[in-house]
Amino acid sequence: MTPPRVLVIAGSDSSGGAGLEADQRVLAAHGCYALTATTGLTAQNTLGVQDIHIVPPAFVRKQIKAALEDIGADVVKLGMLSSAETVDIIAEAFADHGVSTVVLDPVMVSTSGSQLLPQNAVQGLRTKLLPLTTVLTPNIPEAKLLLENAGVAFQEPRDVEDMISLAKQVHGLGPRNVLLKGGHLPLTRDRKTAQNAEEAQIVIDVLYDGEKVTLLETDFLTSKNTHGTGCSLASAIAANLASGKDLERAVRAAVRFVEAGIKTSVDMGQGSGPINHFHSLYSLPFAPGRFLEYVLDRPDVKPVWKAFTEHEFVTGIGNGTLPVERFKDYLVQDYLYLVHFARSNALAAYKARTMESIAASAKIVLHINKEMALHISYCESLGLSKEEMERTPEKQACTAYSRYILDIGQSEDWLALQVALAPCLIGYGAIARRLYDDEDSVRDGNKFWKWVENYIAEDYTEAVRIGSELLEEHIRRVSPNRLEDLIRIFIRATELEIGFWDMELSGK
């Protein structure tokens with residue numbers, strides 16, 4: 001599916017904490033595709049801005065045109081606009097391209113109180129862009145500057161009611177909705193103006209749509225890592241609107257996103273550091289379709305997998321030196337194990353939630369049934385009857401392994417069961433393929449070679465393919481913690497496979 005598209009028209013922050021760099025991280029965190037038109041370049045770090053290079057407005061126009069005429073945008077987010085000429089060309093571009101949803105973060109006043117936008121640019125923003133704005137997100141100093149520019153008298157906000165009045169006055173300048181940010185007016189828990197830092201407990205943001213007032217309360221956070229909060233909030237609102245959320249849900253989710261970003265931030269640099277934009281994201285450590293490749297290459301899996309697939313018992317099969325009685329004993333226990341392996345796959349079919357997964361597990365059961373027939377035929381050639389095998393008691397290693405898988409199937413979910421079954425299903429195919437391709441393997445006169453050929457046959461290869469695809473498809477949806485739990489199951493099942501080989505070598 002095509003992701004929601006957001007065009008960001010703003011300045012670049014070389015420190016990465018704000019501006020286009022922060023915007024793109026926010027949009028990525030919300031699953032949106034970000035396009036950019038750069039209005040200015042900054043040389044800055046967490047301690048402050050050293051210099052600004054304004055991008056020529058004509059070039060900004062070309063960037064906007066290139067973005068909207070090709071990929072297009074569901075929402076446009078505006079940040080630092082640099083100059084009155086830039087404001088003019090943006091208003092013209094919106095008219096030319098029929099831009100309908102705009103989130104405007106009026107970057108006009110720095111944290112220290114300095115005005116960042118020239119007065120004529122403020123006027124252009126107010127008169128030309130506010131009427132085109134879906135959501136305006138000023139802080140209190142920016143709201144005051146807009147009203148001053150329009151010659152509108154206002155009262156210095158001292159409480160929530162004053163903030164509501166201020167938001168309504170700003171709404172009168174033309175935007176469809178106003179989110180007045182209350183970070184400059186910390187409040188006590190009972191919403192009184194805090195007189196000092198000790199009293200500050202909450203912050204109220206005021207959302208006004210022309211009719212309804214919505215108050216959004218967050219904790220007052222004492223943190224130096226607040227660089228880029230305004231950019232991040234506006235971009236999160238843009239992302240939520242582009243994703244189809246209604247206004248109130250879009251704003252509320254964005255406020256919570258930034259709150260969590262401040263709470264989970266880590267110190268970077270010597271000054272005001274960035275918030276954490278990825279607090280609610282996780283990434284899997286493998287590309288789609290590469291889970292098995294990843295897991296078999298892990299340091300905690302590699303030695304166990306090698307011990308299983310290159311076991312002395314397996315080597316004896318490949319070169320024909322394994323004592324025949326040991327191999328016959330293995331075949332008996334393997335027959336008993338296969339019964340439980342079939343039961344486990346039948347349980348997987350029962351636990352599956354889609355017809356495709358049910359059918360895949362059923363195919364594996366049918367393959368095991370076919371494998372059983374080949375197994376019995378092969379055993380008969382070695383003087384072992386089906387009745388004799390069924391009368392033989394399970395050895396401890398066989399019971400431990402088979403019951404572990406069934407226990408995982410009963411106590412865990414469908415995916416955990418698939419992971420528990422994987423070492424056997426995939427491992428046998430890998431072992432047989434290695435022995436078949438190994439130049440040192442003995443074929444002529446090797447009584448065990450038929451076993452190798454059974455596990456490289458087309459039907460078994462198909463079963464491995466189905467099982468592997470099932471794993472790869474569903475493993476992509478798990479969390480990192482869940483992934484580690486599943487890998488522990490994989491390792492334990494592999495260790496029990498090793499125990500199976502050890503059992504046969506020792507004869508116990």
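Numbering of residues begins at 1 and proceeds along the displayed sequence. Note that the coordinates shown come from a computational prediction; the quantities given were computed from them, not determined experimentally.
To the nearest 0.5 angstrom, L421 atom CG is 10.0 Å from I408 atom CD1. Between Q169 atom CD and L180 atom CG the span is 10.5 Å, to the nearest 0.5 Å. To the nearest 0.5 Å, atoms CZ (R61) and OG1 (T86) are separated by 10.5 Å. For the atom pair K263 NZ and R256 CZ, the distance stands at 8.0 Å (nearest 0.5 Å).
Scanning both residues, H30 and N240, for their nearest heavy atoms gives CD2-OD1, 3.4 Å. In this structure, G273 and T46 approach most closely via the heavy-atom pair CA-CG2, 4.2 Å.
Side chains of D13 and H227: a donor-acceptor N/O pair is present below 3.5 angstrom, by distance only. S235 and S232 form no side-chain donor-acceptor contact under 3.5 Å, judged by distance and modelled atom types alone. Donor-acceptor pairing under 3.5 Å is recorded for the side chains of S12 and E21.
Between H171 and Y208, the ring-plane angle classifies as perpendicular under the 30° and 60° cut-offs. Between F291 and Y294, the ring planes are tilted. Angles from 30° to 60° get that label.
Evaluation of the side-chain hydrogen bond (donor to acceptor under 3.5 Å, both in side chains) rule for T134 yields R176 as partners, not counting sequence neighbours.
A side-chain contact (heavy atoms from CB on, under 4.5 Å) with S344 holds for exactly one of I364, L406, V365; it is L406.
Using modelled atom types, one side-chain atom of T133 and one backbone atom of L129 make a donor-acceptor pair closer than 3.5 Å.
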D190 and T188: CA distance, side-chain angles, deciding distance, side-chain hydrogen bond (donor to acceptor under 3.5 Å, both in side chains) verdict
CA-CA 5 Å; D190 56 358; T188 62; 2.4 Å; yes

